[in-house]
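Atoms within a ligand are numbered from 1 in the order they appear, just like the ligands themselves. What you are looking at is a predicted structure, and each value in this text was computed from that prediction instead of being measured.
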Amino acid sequence: MFATLSDRLTATFKNLRGKGRLSEADIDATAREIRVALLEADVALPVVKDFIAAVKERARGAEVSEALNPAQQVIKIVNDELVQILGGETRRLRFAKQPPTVIMLAGLQGAGKTTLAGKLALWLKDQGKQPLLVASDLQRPNAVTQLQVVGERAGVPVWAPEPGNGVGDPVGVARSGVEQAKKQLHDVVIVDTAGRLGVDEEMMRQAADIRDAVSPDETLFVVDAMIGQDAVSTANAFVEGVGFDGVVLTKLDGDARGGAALSVASVTGRPVMFASAGEKLSDFDVFHPERMASRILD
Ligand code: GDP
């Protein structure tokens, strides 16, 4: 992902090499090229507009510097602005003062929530935490079994509906899952919720009901980076319908253009916190805006 964006930006910067000072015309031409590169990468239009305005303003105001030539200055400005649209500083998971920390996953069906639940559980376990996975996705026929498989692979227990603890009642499962975690002294609870193929009122209501039942410390919106501009509209719908604290980008290993996913943080004002780039449990990490910007500009 981001290979084309990366190539196009690098080509743009090459044109500036050897220039002693940037004229207004140089800045305009560069801004135009960056704009095309971002739009071709599928970055959302309002994000592109703000990005270009910021780059132009800063490039015009850039001091003649001994340390950086004009090309390097533009690269630095673009880098800084990329970091900003990705959410600025690395946003780490916040643990509750009083355990268990409740993490709720929300997003469309197929976004990668269940897979992510396992990844997150393993990642937490590797840090010495004792997570409990809670199977509140009762929509998709295999979701509970899938979470159990993932839990087994991660070596993390799964709270799944059994007669008496909320069969067919995702809110009840979530609530009893958190109770169970308290009893068994799990310090983190990860609640997997149901998605639909598209934004759907009932799904939103269910997610909001689960949220109200378990009061998550962190609600993570999981989004497939391959779905293009729908990523932005879906994210906006989830901000309205459920609300969330951070974004998880999945399927960054795909060959889509990915710019839409990069826009989600900027459009919603919620930072990207984690990234998933493969189906294996280990294909997962904290998202660092600075590292991602450097990778794109490498
Ligand atoms: P859910 O419906 O949101 O719970 O989504 P799933 O966790 O079932 O994921 C849907 C599909 O995407 C599954 O086939 C996963 O193996 C796959 N998947 C999840 N995350 C990634 C990822 O980062 N990269 C790739 N290539 N596939 C992924």
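Scanning all protein heavy atoms for the shortest distance to atom 22 (C) of ligand 1 gives G278 O, 3.2 Å. Nearest non-hydrogen protein atom to atom 4 (O) of ligand 1 is T114 OG1, 2.7 Å. At the shortest separation from atom 26 (N) of ligand 1 among protein heavy atoms lies D253 OD2, 2.7 Å. In terms of protein heavy-atom proximity, atom 18 (N) of ligand 1 is closest to K251 CE, 3.9 Å. The protein heavy-atom contact nearest to atom 10 (C) of ligand 1 is G110 O, 3.7 Å.
Nearest-heavy-atom check against atom 20 (N) of ligand 1 across S276, A225, A106, G195 picks out S276. For atom 5 (O) of ligand 1, the candidate residues are G112, G107, G254; the nearest heavy-atom contact is made by G112. Remark: among candidates Q139, E279, K113, the nearest residue to atom 27 (N) of ligand 1 is E279, based on non-hydrogen atoms.
Contact annotation: for M226 versus ligand 1, there are no heavy atoms closer than 4.0 Å.
The contact set between ligand 1 and A277, taken as ligand atoms under 4.0 Å from a residue heavy atom, comprises 23 (O). Near Q146, meaning under 4.0 Å from one of its heavy atoms, ligand 1 places the atoms 6 (P), 7 (O), 8 (O). Counting the atoms of ligand 1 from 1 in the order shown, those under 4.0 Å from a heavy atom of R140 are 1 (P), 2 (O), 4 (O), 8 (O). Those atoms of ligand 1 that come under 4.0 Å of a heavy atom in A111, given as number and element, are 3 (O), 5 (O). Of all atoms in ligand 1, numbered sequentially from 1 with element shown, those under 4.0 Å from a heavy atom of L108 are 3 (O). Listed by number with element, the atoms of ligand 1 under 4.0 angstrom from any heavy atom of K119 are 23 (O). Residue contact check: T115 has heavy atoms under 4.0 Å from atoms 6 (P), 7 (O), 9 (O), 15 (C), 19 (C) of ligand 1.
Atom CD of E152 has 12 or fewer heavy atoms from other residues, nucleotides or ligands within 6.0 Å. Heavy-atom contacts from other residues, nucleotides or ligands closer than 6.0 Å to CD of Q98 number 12 or fewer.
In summary, of the residues considered (L38, D28, T12), a side chain to side chain contact (heavy atoms under 4.5 Å, CB included) with E33 occurs for T12 alone.
In terms of heavy-atom proximity, A111 sits nearest to T250 at O-OG1, 2.6 Å. Heavy-atom minimum distance, A293 versus N79: CB-OD1, 3.6 Å.
Side-chain polar atoms of D7 and T4 form no donor-acceptor pair below 3.5 angstrom. In this structure, a donor-acceptor pair under 3.5 Å is absent between the side chains of D217 and T101.
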side-chain contact (heavy atoms from CB on, under 4.5 Å) between M104 and V242, intermediate numbers included: CA-CA 11 Å; M104 171 170 151; V242 193; 3.9 Å; yes

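The main-chain N or O of V222 is never found under 3.5 Å from a side-chain atom of K113 such that the two would form a donor-acceptor pair.
Between W123 and F274, the angle of the ring planes goes over 60°, which puts this pair in the perpendicular group of the 30/60° scheme.
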